[in-house]
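Here the structure comes first, spelled out in structure tokens, and everything after it is commentary.
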Amino acid sequence: MGKKRKHSEAELPAAKKEETAPERPKRTLLGWKDKPENEQELTGFRNREKVLVTCSRRINYRYRHLMLNLVSVLPHCKKDNKVESKATKGATLNELVELKSCSSCLFFECRKHKDLYLWMSKCPNGPSVKFLVNAVHTMEELKLTGNHLKGSRPLLTFSSNFDKDPHWILLKEMITQIFGTPKEHRKSKPYHDHVFVFSIVDDHIWFRNYQISCPHTGADKIDRGGLEKMTLIEVGPRFCLNPIKIFGGSFGGPTLYENPFYVSPNQIRSLEKRQKAGKYAKKVKAKTRRKAHEMTNQLETDEFADMWKE
């Protein structure tokens, strides 16, 4: 019989390799992250701009429709409940912007059910701008023939006046950051089929939204030379922004610019009332002058006045 081997001499079985599932890639807003982290870091800056859009209580229905129209054309915005427009609205809005993980804010403030003010602010450090909104026309009112894809990225165009003065340059940069849809945003579509036009006329900023219409044949491709025949069809909404003040902080702070040509709507209404009151005062003065003239210049009595009386 053979000799038994000692335990020390016995060959130990080879250690089995641990069979584990491969590590699952990380989940992101744009899908699975398949590339290594080093390559992801080299892609560069990603715009994470988000805009909070809200309004004050007791807002007019036309101004509320205007706000909803802007929400429909800005896929990177977030809505929130109405905010009471008091002296402490700045702190409240800054807190809401932080809770919603936003970096900008559009606040529609309505006063006396007539006047609409728009606050455009970069939170939480500023700057911020206060506008008076005039010439409001919503999409429901205009009934224009233009139409564009919801969520598509707009092209921003500015008139040459924006490069003249420092306050217009600052407003151009703020409008670019707030109204420009970030690239590869999860709610946006990678198409450019409409244009936001901002033009300065009489120290007012006029906003228009146009659809880019290209001539097509039966196929999906554009004809050669068709870009020259490209047309713009207005979609809406329309409004006009009259800048009042530019502040260094968010919803307040030091005043960087104040519009010297701004006249509040309260002063305009008071002047109109004074003109109407002046018309009535002129009528009363004319009556008193007529009576005084009749008293000083009385007619002579007619001797035949009582001839035909019985």
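Just so you know, these numbers use all the heavy atoms, side chains as well, and skip hydrogens, waters and symmetry mates.
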Checklist entry - Are the side chains of Arg58 and Lys112 in touch, meaning some heavy atoms are under 4.5 Å apart? => result no
Checklist entry - So, do Leu256 and His167 sit near enough that their side-chain heavy atoms are less than 4.5 Å apart? => result no
Item to check | Contact summary for Leu144 and Gly236, nearest pair of heavy atoms | outcome: CD1-N, 4.2 Å
Checklist entry - Do you reckon Phe207 sits in the same ILVMFWY cluster as Leu156, going by side-chain contacts under 4.5 Å, direct or chained? => result yes
Item to check | Atom pair OG (Ser104) and CZ (Phe179), whose distance is rounded to the nearest 0.5 Å | outcome: 10.5 Å
Checklist outcome for this item: When every non-hydrogen atom of Asn242 is compared with those of Asn259, the smallest separation belongs to OD1-ND2, 3.4 Å
Checklist entry - Is the count of non-hydrogen atoms from other residues, nucleotides or ligands lying under 6.0 Å from Asp202 atom CG greater than 12? => result no
Next on the checklist: Counting C-beta onward and ignoring hydrogens, is there a side-chain heavy-atom pair between Ser250 and Pro124 closer than 4.5 Å?
Outcome noted: no
Next on the checklist: Using side-chain heavy atoms (C-beta onward) and a distance below 4.5 Å, is Ser152 in contact with His194?
Outcome noted: yes
Checklist entry - At what distance, to the nearest 0.5 angstrom, does NZ of Lys279 lie from NZ of Lys276? => result 8.0 Å
Checklist entry - Hey, are the side chains of His148 and Asn209 touching, using non-hydrogen atoms and a 4.5 Å cut-off? => result yes
Checklist entry - Does the gap between the ring centers of Phe198 and Phe162 come in under 6.0 Å? => result no
Checklist entry - Counting N and O atoms only, with roles assigned by atom type, does the side chain of Ser199 sit under 3.5 Å from a partner on the main chain of Ser159, one being a donor and the other an acceptor? => result no
Next on the checklist: With a sphere of 6.0 Å drawn around NZ of Lys79, does it hold more than 12 non-hydrogen atoms of other residues, nucleotides or ligands?
Outcome noted: no
Item to check | Residue pairs passing the salt bridge (charged side-chain N to carboxylate O under 4.0 Å, His left out) test where at least one lies in residues 113-141, sequence neighbours excluded | outcome: Glu49-Lys122, Arg62-Glu141, Asp115-Arg269
Item to check | OH/Tyr262: more than 12 non-hydrogen atoms of other groups inside 6.0 Å | outcome: yes
Checklist entry - Do the side chains of Ile246 and Met174 get nearer than 4.5 Å, heavy atoms only? => result no
Next on the checklist: Test your reading of the model: is there a side-chain donor-acceptor pair from Asn69 to the backbone of Pro237, 3.5 Å cut-off?
Outcome noted: no
Checklist outcome for this item: With sequence neighbours left out, the residues meeting ring-ring contact (aromatic ring centres under 6.0 Å, His included) with His113 are none
Checklist entry - Does anything in residues 159-171 pair up under salt bridge (charged side-chain N to carboxylate O under 4.0 Å, His left out), and if so which pairs, sequence neighbours excluded? => result Asp163-Lys172
Checklist outcome for this item: In short, Val235 meets Gly146 closest at the heavy-atom pair CG2-C, 3.8 Å
Item to check | Val133 reachable from Leu68 in the ILVMFWY side-chain graph, under 4.5 Å edges | outcome: yes
Checklist entry - If you look at every heavy atom in Ser121 and Ile178, which pair is closest and at what distance? => result O-CD1, 4.5 Å
Checklist outcome for this item: Here the pair of heavy atoms bringing Pro75 nearest to His185 is O-CE1, 3.8 Å
Checklist entry - Are the side chains of His192 and Arg153 in touch, meaning some heavy atoms are under 4.5 Å apart? => result yes
Checklist outcome for this item: For Arg238, the salt bridge (Lys or Arg N to Asp or Glu O under 4.0 Å) test, sequence neighbours excluded, returns Glu234
Item to check | Rounded distance (nearest 0.5 Å) linking atom CD1 of Ile233 with atom CD of Gln211 | outcome: 5.0 Å
Checklist entry - About how many Å separate NZ of Lys78 and CG of Leu96, when rounded to the nearest 0.5 Å? => result 12.0 Å
Checklist entry - With the 4.5 Å side-chain cut-off for hydrophobic clustering, are Val53 and Met120 part of the same group? => result yes
Checklist outcome for this item: Residue set satisfying ring-ring contact (aromatic ring centres under 6.0 Å, His included) with Phe131, at least two apart, ordered chain then number -> none
Checklist entry - Linking I/L/V/M/F/W/Y whenever their side-chain heavy atoms sit closer than 4.5 Å, directly or via other members, would Trp206 and Trp168 fall into one cluster? => result no
Checklist entry - Is there a donor-acceptor pair under 3.5 Å between the side chain of Lys189 and the backbone N or O of Lys150? => result yes
Next on the checklist: Would you say the rings of Phe247 and Trp119 are close, in the sense that their centroids are separated by under 6.0 Å?
Outcome noted: yes
Checklist outcome for this item: Between Gln267 and Ser270 the two heavy atoms that sit nearest each other are O-OG, 2.7 Å
Next on the checklist: Quick check on the hydrophobic clustering: are Phe251 and Tyr257 connected, directly or via other members, by side-chain heavy-atom contacts under 4.5 Å?
Outcome noted: no
Item to check | Residue pair Val97 / Phe107, side-chain heavy-atom distance below 4.5 Å | outcome: no
Next on the checklist: According to salt bridge (Lys or Arg N to Asp or Glu O under 4.0 Å), who are the partners of Arg290, at least two apart in sequence or on a separate chain?
Outcome noted: Glu294
Next on the checklist: Could you measure the distance from the CG atom of Asp80 to the SG atom of Cys55? Nearest 0.5 Å is fine.
Outcome noted: 9.5 Å
Checklist entry - How many angstroms lie between atom CD1 of Ile200 and atom CG of Leu171, to the nearest 0.5 angstrom? => result 7.5 Å
